[in-house]
Amino acid sequence: MAVAAASRRDRNMRDTRDRIFRAAAELFAERGFAAVTTQEVSDRADVAAGTLFRYAATKSELLLMIYNEEFRAAIDEGERRAAPIAEPAAAINALVVPTIERSVRTPESSMAYQRELLFGLAAEPYRAEGVELVYRLEGLISARLQAHARERGLSVDSASVRLAGETVFGIINLTIARLSDAPVELSDIERNLRVQIKQVVDGLLTEKE
C-alpha cells in the first residue's frame with residue numbers, strides 16, 4: 001500500500017508539473033515573458049500559487065525550465081540535420097540554425113532566456129542545466145571542427161578548437177540579441193549566420209595549412 005501511495009504521489013506531481021509547464025509555455029508563446037504573471041500561470045494550470053512556487057520559485061525559473069527544453073530540442077534537431085553533411089561550415093550551420101529558428105518564433109522570451117543564462121544566479125539549478133546545454137552545443141561544434149581538421153591532416157590544438165566553438169555560440173547570442181531591432185526575415189538572418197560561421201571555420205583551418 002505504501003508503494004502504491006508513493007507511486008500515486010509521483011504521478012500526481014508529474015501531472016502537476018506538466019500542467020504548469022504547458023500553461024507557462026503557452027502564455028509565454030502567446031504574450032511574451034514580460035507580460036505574463038505567475039498568477040496567470042497558476043490560473044491556467046489550475047493550481048494554487050503556493051503549489052506553483054514549489055516547482056518554480058520565480059517567473060525566471062519557469063522561463064528557464066521551459067526554454068531549456070526548447071534549447072535541448074533545438075540541439076537534438078541540429079544534430080540530426082548536421083549528421084549527413086560533410087562540409088564543416090555547412091554542418092555547423094545546420095547544427096545551430098534550429099536554435100535561431102525557435103528564437104525567431106518567440107523573440108522576446110528567447111532574449112529573456114538568453115539574459116538568464118548569461119546573468120542569472122549561478123546556484124539556480126535550471127540555469128545550471130541551461131549552461132550545460134550551451135557547453136553541449138559548443139562541444140558539438142568543436143568536435144566537428146576537430147574531426148574535419150584530422151581528415152585534412154591538420155594539427156589544430158584543442159584550445160583553438162574550443163575557442164572557435166565558443167565564438168560560434170557568441171554569434172548565436174548576438175543574433176538572438178538583435179531580434180529586438182527592426183524585423184528581419186529569417187532568410188536574411190540565416191544568410192548572415194552562414195557567412196559568419198564560414199569565416200570562423202576558414203580562419204581556424206586555413207591558418208594551420
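Any value given below was found using the heavy atoms of this structure, including those in side chains, with hydrogens, waters and symmetry copies removed.
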By side chain to side chain donor-acceptor pair (under 3.5 Å) - contacts of [X] (at least two apart):
{"X": "Arg162", "result": "none"}
{"X": "Asn192", "result": "none"}
{"X": "Gln199", "result": "none"}
{"X": "Ser110", "result": "Thr106"}

Pairwise ring-ring contact (aromatic ring centres under 6.0 Å, His included) hits with a residue in [range], at least two apart:
{"range": "residues 77-104", "result": "none"}
{"range": "residues 24-50", "result": "Phe28-Phe33"}
{"range": "residues 57-113", "result": "Tyr67-Tyr113"}

Take Glu30 and Leu27 through the side chain to side chain contact (heavy atoms under 4.5 Å, CB included) test and state the conclusion after the steps.
CA-CA 5 Å; Glu30 290 167 10; Leu27 286 165; 4.0 Å; yes
Side chain to side chain contact (heavy atoms under 4.5 Å, CB included), that's the test. Do Glu190 and Glu101 meet it? Break it down for me.
CA-CA 9 Å; Glu190 291 182 347; Glu101 290 174 341; 3.5 Å; yes
Between [atom1] of [X] and [atom2] of [Y], what distance do you get to the nearest 0.5 Å?
{"X": "Thr16", "Y": "Arg14", "atom1": "OG1", "atom2": "CZ", "value": "11.0 Å"}
{"X": "Leu140", "Y": "Glu79", "atom1": "CG", "atom2": "CD", "value": "4.5 Å"}
{"X": "Leu163", "Y": "Leu145", "atom1": "CG", "atom2": "CG", "value": "11.0 Å"}
{"X": "Leu63", "Y": "Asn68", "atom1": "CG", "atom2": "CG", "value": "9.0 Å"}
{"X": "Leu204", "Y": "Gln146", "atom1": "CG", "atom2": "CD", "value": "8.5 Å"}
{"X": "Thr175", "Y": "Ile100", "atom1": "OG1", "atom2": "CD1", "value": "5.0 Å"}

Do Asn173 and Leu117 come within less than 4.5 Å of each other through their side chains, counting heavy atoms only?
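A side-chain contact is absent here, since even the closest heavy-atom pair is not under 4.5 Å.
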Considering only heavy atoms from C-beta outward, does the side chain of Thr38 approach that of Thr58 to under 4.5 Å?
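Sidechains of Thr58 and Thr38: no contact.
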So, for [X] and [Y], which heavy atoms are closest and what is the spacing to 0.1 Å?
{"X": "Ser103", "Y": "Leu179", "value": "O-CD1, 3.7 Å"}
{"X": "Arg80", "Y": "Pro84", "value": "O-CD, 3.5 Å"}
{"X": "Val104", "Y": "Pro107", "value": "O-CD, 3.3 Å"}
{"X": "Ala35", "Y": "Arg31", "value": "O-NH2, 2.8 Å"}
{"X": "Leu205", "Y": "His148", "value": "CD1-CD2, 3.4 Å"}
{"X": "Ile176", "Y": "Met111", "value": "O-CG, 3.4 Å"}

Asp188: what forms a side-chain contact (heavy atoms from CB on, under 4.5 Å) with it, not counting sequence neighbours?
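Residues passing side-chain contact (heavy atoms from CB on, under 4.5 Å) with Asp188: Val184, Glu185, Arg191.
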Applying side-chain contact (heavy atoms from CB on, under 4.5 Å), name anything that partners Thr37, two or more places apart in sequence or on another chain.
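Per chain and number, Thr37 pairs via side-chain contact (heavy atoms from CB on, under 4.5 Å) with Gln39, Glu40.
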Where the side chain of [X] meets the backbone of [Y], is there a donor-acceptor pair that is under 3.5 Å apart?
{"X": "Glu138", "Y": "Phe169", "value": "no"}
{"X": "Ser142", "Y": "Val161", "value": "yes"}
{"X": "Glu61", "Y": "Tyr126", "value": "no"}

Donor-acceptor pairs under 3.5 angstrom involving side-chain atoms of residues 85-97: please list them, not counting sequence neighbours.
unit_1	atom_1	unit_2	atom_2	d
Glu87	OE1	Ala89	N	3.2
Glu87	OE1	Ala90	N	2.7
Glu87	OE2	Ala89	N	3.4

Joint hydrophobic cluster, Leu186 plus Leu193, side-chain heavy atoms closer than 4.5 Å:
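Yes, Leu186 and Leu193 fall within the same hydrophobic cluster.
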Taking Arg19 first and then Asp15, would you say they form a salt bridge - that is, a charged N and a carboxylate O separated by under 4.0 Å?
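Answer for the salt bridge query: yes.
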Quiz: residues 47-55 side-chain donor-acceptor pairs under 3.5 angstrom, not counting sequence neighbours:
unit_1	atom_1	unit_2	atom_2	d
Tyr55	OH	Met13	O	3.4

Strictly by salt bridge (Lys or Arg N to Asp or Glu O under 4.0 Å), give each pair with a member in residues 111-132 just once, sequence neighbours left out.
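Found Arg72-Glu129.
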Looking at Lys198, I want to see if its NZ is surrounded by more than 12 non-hydrogen atoms of other residues, nucleotides or ligands under 6.0 Å.
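Atom NZ in Lys198 is not packed in, count stays at 12 or less.
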